[in-house]
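Since the structure comes first, as structure tokens, the remarks are kept for the end.
These numbers were taken from a predicted model, which means no experiment stands behind them.
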Amino acid sequence: MQLIRGTTPTIIITVQTDIDLTQVAEVWIYISQQNKVKVDKQLEDASIDTENKTITITLSQNDTLGLKANTETLFQIRLLLMNGTALATVASEIEVIEIYKGGVITELDELPPETEG
């Protein structure tokens with residue numbers, strides 16, 4: 001997986017085990033660098049599609065700007081089921097790609113006037 005700093009990527013995680021996603025009580029999705037969690041998303045930040053067995057989250061510009069390019073970056077998911085079973089994925093490495101100019105992109109307060117031609 002690749003993330004570009006300053007963007008708002010939607011991450012779709014397909015669960016490929018026999019876990020019944022209707023039984024998920026809590027979800028934690030972590031992105032860490034240098035042994036520190038930099039992005040921490042939980043159930044309220046995610047949407048779960050039980051039929052397609054997917055968990056979807058969208059990162060904010062601030063989330064991705066908080067990551068450093070060219071630094072070991074790990075992604076991990078943990079689940080707690082209603083019966084108390086705790087599950088986790090093996091942490092996987094993701095690539096963070098730099099942008100040329102940092103900062104949050106915002107909507108323009110006033111668009112330039114259209115030119116007639």
Side-chain angles (χ1 to χ4, degrees):
M1 177 183 351
Q2 294 179 326
L3 295 178
I4 300 172
R5 294 184 69 247
T7 64
T8 57
T10 297
I11 300 170
I12 301 171
I13 302 137
T14 302
V15 178
Q16 298 184 1
T17 65
D18 292 333
I19 298 167
D20 179 359
L21 291 181
T22 64
Q23 297 302 305
V24 171
E26 189 55 80
V27 173
W28 296 273
I29 299 169
Y30 304 120
I31 298 175
S32 67
Q33 290 184 320
Q34 299 174 329
N35 296 318
K36 294 181 183 173
V37 173
K38 298 290 188 170
V39 177
D40 181 355
K41 299 292 183 182
Q42 296 177 14
L43 184 59
E44 59 269 11
D45 303 311
S47 58
I48 297 176
D49 181 336
T50 57
E51 185 177 324
N52 292 313
K53 296 191 77 165
T54 60
I55 301 170
T56 303
I57 61 161
T58 299
L59 302 181
S60 70
Q61 289 183 64
N62 285 327
D63 289 334
T64 58
L65 285 169
L67 300 171
K68 294 179 184 176
N70 304 315
T71 302
E72 182 183 51
T73 305
L74 299 174
F75 179 84
Q76 185 174 43
I77 305 161
R78 296 180 68 200
L79 299 174
L80 179 65
L81 303 182
M82 290 180 190
N83 67 4
T85 301
L87 305 164
T89 63
V90 173
S92 57
E93 192 164 350
I94 58 177
E95 179 183 7
V96 177
I97 299 170
E98 191 57 85
I99 52 177
Y100 292 109
K101 184 177 178 185
V104 173
I105 301 170
T106 59
E107 188 175 327
L108 294 175
D109 293 332
E110 187 176 318
L111 295 174
E114 291 186 30
T115 57
E116 294 183 26

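Atom-to-atom distance recorded for T54:OG1 and I11:CD1 is 13.0 Å, nearest 0.5 angstrom. Between E93 atom CD and L74 atom CG the span is 6.0 Å, to the nearest 0.5 Å. For the atom pair Q23 CD and L80 CG, the distance stands at 11.5 Å (nearest 0.5 Å). Distance check: D45 CG to D40 CG gives 8.0 Å after rounding to the nearest 0.5 Å. Atom-to-atom distance recorded for D18:CG and K53:NZ is 5.5 Å, nearest 0.5 angstrom. Distance check: L79 CG to W28 CH2 gives 8.5 Å after rounding to the nearest 0.5 Å.
Here the side chain of S32 pairs no donor or acceptor atom with the backbone of N35 at under 3.5 angstrom. With hydrogens and angles disregarded, no donor-acceptor distance shorter than 3.5 Å links the side chain of K41 to the backbone of I31.
Transitive grouping of hydrophobic side chains (ILVMFWY, heavy atoms separated by less than 4.5 Å) brings I29 and I19 into a common cluster. The hydrophobic cluster containing V96 also contains M1, counting ILVMFWY residues as joined when their side-chain heavy atoms lie under 4.5 angstrom apart, directly or transitively. Note on V24 and Y30: separate hydrophobic clusters, where clusters join Ile, Leu, Val, Met, Phe, Trp and Tyr whose side-chain heavy atoms are under 4.5 Å apart, directly or indirectly. One hydrophobic cluster, built from ILVMFWY side chains closer than 4.5 Å, cannot hold both V37 and L3; they sit in different ones.
Every side-chain contact (heavy atoms from CB on, under 4.5 Å) that I4 has, sequence neighbours left out, goes to T7, I97, I99. Legend: residues meeting side-chain hydrogen bond (donor to acceptor under 3.5 Å, both in side chains) with T22, ordered by chain and number and at least two apart, are D20.
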- [ ] Could you walk me through whether L87 and L81 pass the side chain to side chain contact (heavy atoms under 4.5 Å, CB included) test, one step at a time?
- [x] CA-CA 8 Å; L87 305 164; L81 303 182; 4.0 Å; yes
Task: Check against side-chain hydrogen bond (donor to acceptor under 3.5 Å, both in side chains), Q76 and T89 - done: CA-CA 6 Å; Q76 185 174 43; T89 63; 4.9 Å; no
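Closest approach of L65 and R5 over heavy atoms only: O-NH2, 2.7 Å. When all heavy atoms of A25 and L43 are compared, the pair lying nearest together is O-CD2, 3.4 Å. The two atoms that bring T73 and T71 nearest to each other are OG1-O, 2.8 Å, heavy atoms only. Contact detail for A46 and I55: the closest heavy-atom pair is CB-CG2, 4.0 Å. Annotation for E51 and D49: closest pair N-OD1, 3.1 Å, computed over non-hydrogen atoms. Among all heavy-atom pairs drawn from Q33 and K38, the shortest one is N-CG, 4.0 Å.
Donor-acceptor pairing under 3.5 Å is recorded for the side chains of N83 and T85. Checking Q61 against T8 by side-chain atom types alone, no donor-acceptor pair falls below 3.5 Å.
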